[in-house]
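All ligand and atom numbering here is 1-based and tracks the order in the structure.
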Amino acid sequence: MSEDTLTVTDNRTGTTYEIPIQDGAIRAMDLRGIKVSEDDFGLLSYDPAFKNTANVRSEITFIDGEAGILRYRGYPIEQLAEHSNFLEVAYLLIHGELPSQGQYDEWVHEITHHTFIHENLKQFMDGFHHDAHPMGMLVSTVGALSTFYPEAKGLDDPDARHMQIVRLIAKFPTLAAFAYRHSIGMRYAYPDNDLSFSGNFLNMMWKTTELKYEPDPVLERALDVLLILHADHEQNCSTTTMRAIGSSQADPYSAAAGAAAALYGPLHGGANEAVLRMLDDIGSVEAIPEVIQAVKDGEYRLMGFGHRVYKNYDPRAKVIQELAHEVFEVTGKNPLIDIAVGLEDIALSDDYFVERKLYPNVDFYSGIIYQAMGFPTSMFPVLFAMGRIPGWLAHWQENLLDEEQAIVRPRQLFVGEGERDYVGIDQR
Ligand code: SDX
């Protein structure tokens, strides 16, 4: 049986090195021992966008991109979507195990009773322009939460960490709904502790003159499943941002604001919003062949398609597509789904997409459901972020407790100017 090592020869010196292989990886720091002279810094690994770099060891989420597998703490996403609920999944991601009934009841009670935000935050929210994008409002107000809870800097205290985790999961929906109500000029609808996590969010979004808002159970469940599907996805861009900010020991509110900012981008969590705009632009099934040709000509990127890790169908997209039909039973069919299904059918049989292993991802169908449920397109990335909060927090805490971790500070390959002398402006 061969050793779990890599034997490399540096042809610059003829020296051979044995580099240990562990968990399918070599340590980049082992490359530093490969030098051409004693005072040589040693080799770096160069990996733009970290396409082939693992910078953490994690027990939270497992993805097999080739097989289209996604598991939270070992549990397949399909089983969690069918049998669990969002708060139970949030507990699982953060604590590592499914809760007992007592643990679950206590967790739900804590989160239910921390949904209110400081009244001063409303003044902060009111300061935004009427047509401010709600994601921009969320990035700001989540960060502002850090100013109300200075004890959040107590990162070594597990009870203090737990309290901030509860507050962020509990208050994000309130901030999200308040951002929406601000954008349509409606008074804020306060949390209702008699409702479930998802039911209360619908209450804060849609309540008008009724004394007590009653969520439609099908839509309440559909939203809860969508939140489960978005709850974590290992080292994606926003989670990596959460870990990086947390590595400097900033508080979790500031880290979550940074993660939300990363998620806002159209290549990440902003894709669900971009998909709806794309489907609206396409307008009809008849226009699909022209769009596919534009993609193949490099003129157009099919939003909601492709993934850095999945080179197979995103398992979340399958669940969402099935969920859409349950939602349409209540809301009526969103005609955009015909365009989406038509795009998928053609793309999955076209060599351009097959060669590049481009499949629908989580964002391809989610926006169609959100729109059918009445959410404006601008709220889609906010809904994505609301689901991802527990995943961000689970990774933030895992990073803090990982003794191998330190402040994130990558190296660079400097390719700029060498030393040169200053030249006065009159001589330039
Ligand atoms: C999310 O990381 C995560 O886990 C993210 C996420 C999560 O839960 O956190 O899963 C959520 O962000 C899903 C992805 C949402 N984004 C989109 O749907 C935007 C559209 N998709 C892409 O821009 C793209 O597929 C990425 C950003 C998702 C992945 O990009 P990569 O891995 O950097 O791949 P690439 O851009 O290098 O593309 C490889 C090839 C290129 O062709 P060639 O240059 O080799 O000829 O595939 C092509 C790309 O042009 N390609 C696409 C395409 N995505 C990639 N061509 C058309 N349409 C697309 N969507």
Notebook entry, point to check: Which residue holds the protein heavy atom closest to atom 42 (O) of ligand 1, what is that atom called, and what is the gap in Å?
Noted result: R356 NE, 3.3 Å

Next item on the list: Within a distance under 4.0 Å of any heavy atom of G304, pick out the atoms of ligand 1 and give their elements.
Entry: 17 (C), 18 (O)

Checklist line | Any donor-acceptor N or O pair under 3.5 Å, side chains E290, Y300 | finding: no

Check: Under 4.0 Å from atom 10 (O) of ligand 1, do we find at least one protein heavy atom?
Finding: yes

Next item on the list: Within a distance under 4.0 Å of any heavy atom of V295, pick out the atoms of ligand 1 and give their elements.
Entry: 57 (C)

Next item on the list: Please state which part of Y352 comes within less than 4.0 Å of ligand 1, counting heavy atoms only: side chain, backbone, both or neither.
Entry: side chain

Check: Do we see a donor-acceptor contact under 3.5 Å between the side chains of N200 and N203?
Finding: yes

Next item on the list: Take every heavy atom of R388, measure it against each atom of ligand 1, and state whether any distance is under 4.0 Å.
Entry: yes

Item checked: Electrostatic pair D351-K296, nearest N-O below 4.0 angstrom -> no

Note to self: My question is simple, although I want it checked carefully: is atom 29 (C) of ligand 1 less than 4.0 angstrom from any protein heavy atom?
What the structure shows: yes

Check: Which residue holds the protein heavy atom closest to atom 4 (O) of ligand 1, what is that atom called, and what is the gap in Å?
Finding: H233 ND1, 2.5 Å

Margin query: For the OH atom of Y264 and the CG atom of L138, what is their distance to the nearest 0.5 Å?
Written below: 10.0 Å

Note to self: Is atom 44 (O) of ligand 1 touching the protein, meaning some protein heavy atom lies under 4.0 Å away?
What the structure shows: no

Next item on the list: With heavy atoms only and a cut-off of under 4.0 Å, state how L358 meets ligand 1: side chain, backbone, both or neither.
Entry: side chain

Check: Side chain, backbone, both or neither: which part of L302 has a heavy atom under 4.0 Å from ligand 1?
Finding: both

Item checked: Shortest reach to atom 22 (C) of ligand 1 by a heavy atom, considering only M278, H307, R301 -> R301

Check: Which bit of N236 gets closer than 4.0 Å to ligand 1, counting heavy atoms only: side chain, backbone, both or neither?
Finding: both

Next item on the list: Could you see which bit of K51 sits under 4.0 Å from ligand 1, with heavy atoms only: side chain, backbone, both or neither?
Entry: side chain

Next item on the list: Indicate whether any N or O donor in one side chain lies under 3.5 Å from an N or O acceptor in the other, for E398 and S58.
Entry: yes

Next item on the list: Could you name the option among G306, A271, G265, G270 that has the heavy atom nearest to atom 17 (C) of ligand 1?
Entry: A271

Next item on the list: List every atom of ligand 1 that sits less than 4.0 Å from any heavy atom of M303, numbering the atoms from 1 in the order shown and giving each element.
Entry: 18 (O), 19 (C)

Notebook entry, point to check: Within less than 4.0 angstrom of ligand 1, does R316 place any heavy atom?
Noted result: yes

Next item on the list: Take H95 and Q103 through the side chain to side chain donor-acceptor pair (under 3.5 Å) test and state the conclusion after the steps.
Entry: CA-CA 11 Å; H95 295 90; Q103 290 167 330; over 6 Å; no

Checklist line | H118 and Y149 side chains, donor-acceptor separation under 3.5 Å | finding: no

Check: Using the ring of each side chain (for Trp, its six-membered ring), is Y91 parallel, tilted or perpendicular to W107, with breaks at 30° and 60°?
Finding: perpendicular

Next item on the list: May I ask you to check if ligand 1 and G269 share an N or O to N or O distance below 3.5 Å?
Entry: no

Notebook entry, point to check: Between the side chains of D126 and Y188, does any donor sit under 3.5 Å from an acceptor?
Noted result: yes

Next item on the list: Identify, by atom number and element, the atoms of ligand 1 in contact range of R308, meaning under 4.0 Å from any of its heavy atoms.
Entry: 29 (C), 31 (P), 32 (O), 33 (O)

Next item on the list: Please state which part of H268 comes within less than 4.0 Å of ligand 1, counting heavy atoms only: side chain, backbone, both or neither.
Entry: both

Check: Got more than 12 heavy atoms from elsewhere within 6.0 Å of CZ, F50?
Finding: no

Item checked: NZ/K122: more than 12 non-hydrogen atoms of other groups inside 6.0 Å -> yes

Notebook entry, point to check: Would you say atom 39 (C) of ligand 1 touches the protein, meaning some protein heavy atom is under 4.0 Å from it?
Noted result: no

Notebook entry, point to check: Where is the nearest protein heavy atom to atom 14 (C) of ligand 1: which residue, which atom, and how far?
Noted result: N361 ND2, 3.5 Å

Check: With a 4.0 Å cut-off, would you call E66 and K357 a salt bridge?
Finding: yes

Notebook entry, point to check: Does the R221 side chain pair with the main chain of P217, one donor and one acceptor, at a distance under 3.5 Å?
Noted result: no

Margin query: Please determine whether a side-chain nitrogen of the Lys or Arg among D192 and K207 lies less than 4.0 Å from a carboxylate oxygen of the Asp or Glu.
Written below: no

Notebook entry, point to check: Are any of the side-chain nitrogens in E322 or K318 under 4.0 Å away from the carboxylate oxygens of its partner?
Noted result: no

Notebook entry, point to check: Closer than 4.0 angstrom: is that true for some heavy atom of D363 and an atom of ligand 1?
Noted result: yes

Margin query: Could you identify the single nearest non-hydrogen protein atom to atom 21 (N) of ligand 1 and state the distance to 0.1 Å?
Written below: F305 O, 2.8 Å

Checklist line | Which segment of L267 sits under 4.0 Å of ligand 1 when only heavy atoms are counted | finding: both

